[in-house]
Amino acid sequence: MCGIVGYVGYREAQPILLESLQRLEYRGYDSCGIATLNDSLTMSKDVGRVVDFAKNSPKIHGKAGIGHTRWATHGTVTSANAHPHLDCTGNIAVVHNGVIENFQKLRDDLTKEGHRFNSDTDTEVIAHLIEKYYQGDLKEAVSKALTEVTGTYAVVVLAKGHKDLVVARQESPLVIGVGDKENFVASDVAASLDYTDRTIYLEDGDIGIVSPDSITITNNGQTVKREEQIVPWSVEDAQKAGYEHFMLKEIHEQPKAIENTLRAQIPFIKPLTILGAESEKRLEDIMLIACGTSYHAGLIGEYVIGKLCRVPTRVKIASEFDPNCIALEKTWVLGISQSGETTDTLRALKHANSRGCPTIGITNVQGSSITRITEQVIFTQSGPEIGVAATKTFIAQLTALYSLALKMAQLDVKAQESYQTEFKTLPSKVQQILDNEEQIAEYGRQLAKCDNAFFVGRGISYPVAMEGALKLKEISYIHAEAYAAGEIKHGPFALLRSNTPIIAIAPRDNTYDAMLTSIKEIKARGPQVIALAQEDDEEIQQFVDIVIRIPKVDPLFSPFLNTVAMQLLAYYAAKERGCAIDLPVNLAKSVTVP
Ligand code: AGP
């Protein structure tokens, strides 16, 4: 939601902070700022992108500093609302990610006590609370200040007279990059990959002092030891590697994401036969919880688990989760979140935990919050995803969900082998679509001219259509809606015009004939129809304007291939429209507010 960074060591902090903020810009990008400590604090902040700020901001000195890239929640996008925020004395600087729910009351009380505020943000109250409690011990003051705060936070504090940073975490991610005579703090590991792959993941309630050669962490007043971990990603993983955008690079990394995720084992999942015997009472149904693209993966997972395992499976948008709709202890709750930090998903999982349900997390990020609140974790192996639009993490989530379904299913050996064989062909089939990129790019450029588009699918392809529409709208700003193909005649037909393209997903499954009927009904009303159809489908071309050919695959696996084609369509439509593809307006990669 916002990105925060900190540095203490023997080097000038400013270049490190600016470099690190650029790596975190996908978390927020409406304004940014840094503060460094020499003899006193110096601060520099502005609206706009970090890259411009890095070019234009004045040199400030100091070997300790903090920085922030913002995604506005409280207060509009102004330089005054950009972080860091200072107390009245100008000696205490704070960067914060999260939401202080009781900030208005705190602000009113502090104002009565004589504190003067310079911004509309919730964060600024933290700086003033620290000032209020400061009596020479910065950590003590931070600790007291945070007891007054309700809400979520990752906080880094820099203050005159202190060579250390004080850090604290509650429900918002914060990691410490461990260096040699220098240490780094950031919202996620991508920020300090240039400098170190050694990381400590802070936990809720942790307050730490980070100095150049030591890290001390306490929780509830007790000193705690947090194990150092090695980040499994390299600097190159977090760079564009010659691609114009991270999104394009990440689309091209999908064959590898499938291969790597397929290779990862899910040892704790057992076939249903064994599960039934071992824990009969503990599996009545499965509930998948997620947001956005991860929710779409969940919808496809629902279909696949339902088909292969015959276990009642439901999917809930995490923010709509109602703890009353789960049967105590008998519902397995699976939270899907590439970042592992989405507040809505984490809150739903915590509810599930409190009701005694077994919980499983599917995430791409080691050490993320979801890994700490679920009993078991399945890691997707996509490498870091920087583009705000989820691409390779979605494909890896599908890989994990299909693997899980196949592992649980009571299939005979022949059926199991046949699915596994088909699964293994996916990387090369995805590659075939990528090899056809130029043709899809041309259709994407044509799509760029429209203001509205519909995506339609049936059965397993309906959530695929939802994902296609989400990709198009979030990066090209074209209004796109997804409909179950049979439903579009019940109202949306009123919106069909010759300049409203319809993207129809038509795999050769049991919905194919019904899909052709829907396509004919749509076509009769004038719109251009672009069909995603199997490579050997001769029939469909007479009913549509454009056919994007998709390699032949068992229809159960068609979501993998159709999704990749739609990602390319969206990408090239957005590129043609000159959009900021990796950093779409108003969005952030990791949504850590409710
Ligand atoms: C996807 O392109 C979006 N950026 C967004 O919908 C995202 O999938 C959603 O916020 C959930 O994120 P998560 O997977 O990290 O929980």
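Along the sequence shown, the residues carry numbers beginning at 1. Just follow the structure's listing: the first ligand is 1, and inside any ligand the first atom is 1. Note that the structure is predicted; figures quoted are calculated from it, not measured.
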Closest protein heavy atom (residue, atom, distance) for atom 16 (O) of ligand 1: T342 OG1, 2.4 Å

Trace of the side chain to side chain contact (heavy atoms under 4.5 Å, CB included) decision for I336 with L401: CA-CA 10 Å; I336 311 168; L401 286 163; 4.0 Å; yes

Could you find the nearest protein heavy atom to atom 9 (C) of ligand 1 and give me its residue, atom name and distance? C291 O, 3.7 Å

Between T331 and R314, does the side chain to side chain contact (heavy atoms under 4.5 Å, CB included) criterion hold? Intermediate values first, please. CA-CA 10 Å; T331 303; R314 299 171 283 164; 4.1 Å; yes

Please test L334 against I286 for side chain to side chain contact (heavy atoms under 4.5 Å, CB included), starting from the C-alpha separation and ending with a verdict. CA-CA 7 Å; L334 252 93; I286 295 177; 4.0 Å; yes

Does T345 come within less than 4.0 angstrom of ligand 1, counting non-hydrogen atoms of the residue? no

I'd like to check which ligand 1 atoms, numbered from 1 as shown, lie under 4.0 Å from a non-hydrogen atom of A389. 2 (O)

At what distance is the nearest protein heavy atom to atom 14 (O) of ligand 1, and which residue and atom is it? S294 OG, 2.6 Å

Does ligand 1 come near enough to A390 that some N or O of the ligand is less than 3.5 Å from an N or O of the residue? yes

Report all side-chain donor-acceptor pairs from residues 296-307 shorter than 3.5 Å, counting only partners two or more places apart or in another chain.
residue	atom	partner	partner atom	Å
H296	ND1	E467	OE1	2.8

Would you say that V377 contacts I360 through its side chain, given a criterion of any heavy-atom pair below 4.5 Å between the two side chains? no

With a heavy-atom distance limit of 4.0 Å, tell me whether E474 approaches ligand 1 through its side chain, its backbone, both, or neither. side chain

Nearest-contact summary for atom 1 (C) of ligand 1 - protein heavy atom, Å: T293 OG1, 3.0 Å

Which residue and heavy atom of the protein sit nearest atom 4 (N) of ligand 1, plus the separation: V388 O, 3.0 Å

Please report whether the ring centroid of F455 lies less than 6.0 Å from that of Y483. no

Please work out, at 4.0 Å between heavy atoms, whether the side chain, the backbone, both, or neither of K589 comes within that distance of ligand 1. neither

Nearest protein heavy-atom contact for atom 10 (O) of ligand 1: which residue, which atom, what distance? V591 CG2, 3.9 Å

Under 4.0 Å, counting heavy atoms only: does K471 come that close to any atom of ligand 1? yes

Which residue supplies the protein heavy atom nearest to atom 15 (O) of ligand 1, what is that atom called, and how far is it? S339 OG, 2.6 Å

Does the side chain of L248 come within less than 4.5 Å of E437's, by heavy atoms? yes

Partner residues of R445 under the side-chain hydrogen bond (donor to acceptor under 3.5 Å, both in side chains) criterion, sequence neighbours left out: E438, E442

Show the numbers, then the answer: is there a side chain to side chain donor-acceptor pair (under 3.5 Å) between Q338 and T363? CA-CA 5 Å; Q338 73 78 23; T363 187; over 6 Å; no

